[in-house]
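Here's the structure, in structure tokens; my notes come after.
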Amino acid sequence: MVKDTGVRAPLPPFTDEHADLRASVNRWIGEEISPHVDEWEAAREFPRELYLRAGELGFLGLKYPEALGGQGGDCVHDAVWAEELAAAGASGGVGAGLGAHTGIATPPVFNFGTPEQHERFLRPAIRGEKIGALGITEPGAGSDVAGIRTFARRVSGGYVVNGSKTFITNGVRADFLVCAVKTTEEGGHHGLSFLVLERDMPGYEVSRKLEKMGWHSSDTGELSFTDVEVPAENLLGEENRGFHLIMANFAWERLSMSLAAVGAMRRLIETTVSYALERRAFDRPIGRFQSIRHKVAEMGIKLEASRSLTYQALRLHAAGRNPIREVTMAKLLSQRACLEVADECLQIHGGYGYMREYGIERAVRDARLGPIGGGTDEVMREILGRQMGL
Ligand SMILES: Cc1cc2nc3c(=O)[nH]c(=O)nc-3n(C[C@H](O)[C@H](O)[C@H](O)COP(=O)(O)OP(=O)(O)OC[C@H]3O[C@@H](n4cnc5c(N)ncnc54)[C@H](O)[C@@H]3O)c2cc1C
């Protein structure tokens, strides 16, 4: 039988240039990240210097103009970064910490910020000197983003902010927080705005570093704001147009999570096929059992279906088509698929899969966040149902 491993030359939107980028992200992760992942997971954080190193290599500014210190690429370059961070085994935690910086915190600064804000926040973020976080979720408002209560009262020269945020990736060590606030008493769709809050502002406090099931090497913070004085020049975009900014940001967040799931599944399946060829039971490699082969076949379909939908959404996004429907479908399909694939790979590894050293149990824990973060499965289904006319 002619073997078809699925390896193909790049097809649009990817080119040979993207293939080179894939190779260099992979090389970097293999040489400088993977060997330390266990240590960083145990320490519950990866070193801050990793941002500087990623900045030095150009990975934090792939889609930003050279005039701002970026690489002058576009979202397809960033897509490669998102996928390979997961595929090369950087761990969910490292992927989350670096990915939140490039995928959700800096894009609103670039898209909605003034030239002055670009200089103050984006340029140092691209160099990895300042770490960014995005603060939308609150203890009382997650899926219902319009229900946030953190309030920015208008005063002469700016705002005074009171409230709190929770589950914020990079929240503990972020230098700046792109933060959703209410700027009218009612809040909601027409009363939200974004302010850039800075860590050294009096009244800005990291109230807790949260312990969680997976993503151990990333920090997840709970933040509180007590009479934080924020100058008017830290308003991002237009006042009371923040809901629009949240929605714009969700598109890339969900797409990059889909790309990461595709990368993670690719790695998990490759690792598991190698294991199934080596591990023997009843005088043969376990991969020779039909039940194992069939599990691998099903996983291959989950990967390919997720990849096709995700790349199609990426193509449309890159063409400026605002593909809410395809992005939502890709997010919903790929996150659940990744969790199921990770669990099935653990099963194929048997007891070894349950042990720390193979990294499979970590992959299962890391994958559990997918159907929750960036909008839950239930919320994705709601959006889709409405997009389809109901
Ligand atoms: C590790 C981690 C990192 C995160 N990073 C960030 C970050 O950097 N920045 C940030 O702002 N947020 C972040 N989040 C928050 C994340 O986006 C929210 O957890 C998510 O949006 C869900 O909100 P919630 O947890 O409040 O759940 P809830 O909204 O309370 O939902 C609880 C349950 O009710 C269901 N539900 C809610 N509404 C509906 C509905 N209309 N129909 C049907 N079911 C519904 C949900 O699907 C879910 O099953 C992070 C979360 C985690 C766990």
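In each ligand, atom 1 is the first atom listed, and ligand 1 is the first ligand listed. Each residue takes its place number in the sequence, starting with 1.
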TODO: For ligand 1, note which part of Leu369 has a heavy atom under 4.0 Å away: side chain, backbone, both or neither.
DONE: side chain
Task: Test item: protein heavy atom less than 4.0 Å from atom 35 (C) of ligand 1 - done: no
Open item on the list: Evaluate Thr137 for polar contact with ligand 1, using N/O atom pairs at a separation under 3.5 Å.
Closed with: yes
Task: Protein contact to atom 39 (C) of ligand 1 [nearest heavy atom, distance to 0.1 Å] - done: Val379 CG2, 4.4 Å
Open item on the list: Taking 4.0 Å as the limit for heavy-atom contacts, which would you say applies to Leu134 with ligand 1: side chain only, backbone only, both, or neither?
Closed with: backbone
Open item on the list: If I apply the N/O under 3.5 Å rule, does Glu382 come out as touching ligand 1?
Closed with: no
Open item on the list: With nothing but distance in play, are any N or O atoms of Lys212 less than 3.5 Å from an N or O of ligand 1?
Closed with: no
Open item on the list: Can you tell me if Ala133 contacts ligand 1 (heavy atom of the residue under 4.0 Å from the ligand)?
Closed with: no
Open item on the list: Return the closest protein heavy atom for atom 45 (C) of ligand 1 as residue, atom name and distance.
Closed with: Glu378 CB, 4.2 Å
TODO: Look only at interatomic distance and state if Thr166 has a nitrogen or oxygen under 3.5 Å from any nitrogen or oxygen of ligand 1.
DONE: no
TODO: Could you walk me through whether Glu326 and Arg315 pass salt bridge (charged side-chain N to carboxylate O under 4.0 Å, His left out), step by step?
DONE: CA-CA 10 Å; Glu326 287 82 357; Arg315 256 175 229 118; over 6 Å; no
Open item on the list: Using a 3.5 Å cut-off on N or O atoms only, is Phe167 in polar contact with ligand 1?
Closed with: yes
